[in-house]
Amino acid sequence: MAKEQVLINAEKRTVIGKQVKALRRQGLLPGVIYGRHIEAFPIQMDAHDAALVLDKLTASTLITINVDGEKYDVLMRDRQRDVIFDNLLHVDFLVVSLTEKLRAIVEVKLVGEAPVAENPDVVVTQVLNAIELESLPQDLPEVIEVDISTLKTIDDEITVADLDLGENITILTDPEETLVAVGYVAQEEEVAEEEEAEELAEPEVVEKGKKEEEEEEEEEAA
């Protein structure tokens, strides 16, 4: 079944930098469109209408943006939000070609009930929250649903190799990687404690190299 088209109306934006804050007070959401074959340019959308659409989408959802009558096929690449109210502050869109394959990280969602989980001493654990795929943009799934109803014993697991996404999609994640595992509760608690200890031992890494406009957006949000 064909995917329903996701359409967002926008217009080119002339206001940039610190003045963008005034746009938000007018109910407008700033964003930017960029890609390999075009020169990046800023846009603005109706904040309410855009949020109603974007909040339901994932990073692999194909979107059509109508900018002053010209349409662009895009993927959402970054969403900045207000840390207090969780409102969208800025959105980045990547222009894609419907004839060129691309790589994307797609979310994994567990569905169904695992019979093995009826045992109170057993826990079903999602090991991978996302996997990497390659396909044409229109063939990318918005989310990968993994049915855990096949997990019936403590020795069962689901690996990347168990996924069947069709011939149009290439899975790039190692097929031997475990997606969902089954274990005893005590074992899971021990693993969690070990991981927490490792995290505390690792130094904090500070991301650098933010774009100028993103830095200004963060200052305004603060």
Looking only at heavy atoms, what is the nearest atom pair of L88 and A51, with distance?
-> CD1-CA, 4.1 Å
Could I get the full list of salt bridge (charged side-chain N to carboxylate O under 4.0 Å, His left out) partners for R25, not counting sequence neighbours?
-> none
Side-chain heavy atoms of V108 within contact of V180, under 4.5 Å | no
Determine, stepwise, if the pair V185 / V122 fulfils side-chain contact (heavy atoms from CB on, under 4.5 Å).
-> CA-CA 6 Å; V185 174; V122 169; over 6 Å; no
Determine, using the 4.5 Å side-chain heavy-atom cutoff (strictly less than), whether L29 and V32 are members of one ILVMFWY cluster.
-> no
Check the surroundings of atom CD in E113: do more than 12 heavy atoms from other residues, nucleotides or ligands lie under 6.0 Å from it?
-> no
Within one Ile-Leu-Val-Met-Phe-Trp-Tyr cluster: I38 and F93, side-chain cutoff 4.5 Å = yes
Which atoms form the tightest heavy-atom contact between A10 and I65, and what is the distance?
-> CB-CG2, 4.0 Å
Give a yes or no answer on whether the side chain of N119 reaches the backbone of V116 with a donor-acceptor pair at less than 3.5 Å.
-> no
Over all heavy atoms of both residues, which pair between V20 and R13 is shortest? Give the atoms and the distance, please.
-> CG2-NH1, 3.5 Å
What pair of heavy atoms forms the shortest contact from T150 to D156, and how long is it?
-> O-OD2, 3.6 Å
Here the gap from K109 atom NZ to N129 atom CG, rounded to the nearest 0.5 Å, amounts to 13.5 Å
d(N87 CG, H48 NE2) to nearest 0.5 Å is 12.0 Å
What distance separates M45 CE from N9 CG, expressed to the nearest 0.5 Å?
-> 11.0 Å
CG (D164) with more than 12 external heavy atoms under 6.0 Å | no
Give the cluster check for V182 versus L110: same hydrophobic cluster or not, with ILVMFWY residues linked at side-chain heavy-atom distances below 4.5 Å.
-> yes
Grab the two heavy atoms, one from S149 and one from P115, that are nearest each other, plus how far apart they are.
-> O-CD, 3.4 Å
Expected list for residues 167-179: side-chain donor-acceptor pairs under 3.5 angstrom, two or more places apart:
from	atom 1	to	atom 2	distance (Å)
T173	OG1	E132	N	2.8
D174	OD1	E176	N	2.9
T178	OG1	E157	OE1	3.4

Not counting sequence neighbours, which residues clear side chain to side chain contact (heavy atoms under 4.5 Å, CB included) with L75? List them please.
-> L62, R77, V96, L102, L140
Out of curiosity, does V143 fall in the hydrophobic cluster containing I105 (side-chain heavy atoms, cut-off under 4.5 Å, transitive links)?
-> no
Donor-acceptor contact present, side-chain R79 to main-chain L54, <3.5 Å = yes
Which atom names give the shortest non-hydrogen contact between L136 and T99, and what distance separates them?
-> CD2-C, 3.6 Å
Result for side chain to side chain contact (heavy atoms under 4.5 Å, CB included) between I158 and one of L151, D147, L128 points to L151
Measure the shortest side-chain to side-chain distance between Q44 and R24 over non-hydrogen atoms and say whether it is less than 4.5 angstrom.
-> no
With sequence neighbours left out, the residues meeting salt bridge (charged side-chain N to carboxylate O under 4.0 Å, His left out) with D55 are R81
V111 side chain near I148 side chain, heavy-atom distance below 4.5 Å | no
Same cluster (ILVMFWY, side-chain, under 4.5 Å), L98 and I63 = no
Please answer whether the main-chain N or O of V106 pairs with a side-chain N or O of S60 as donor and acceptor at a distance below 3.5 Å.
-> no
Residue pairs involving residues 52-89 (criterion ring-ring contact (aromatic ring centres under 6.0 Å, His included); sequence neighbours excluded) = F41-Y72
Partners passing salt bridge (charged side-chain N to carboxylate O under 4.0 Å, His left out) against E39 (at least two apart in sequence or in another chain) | none
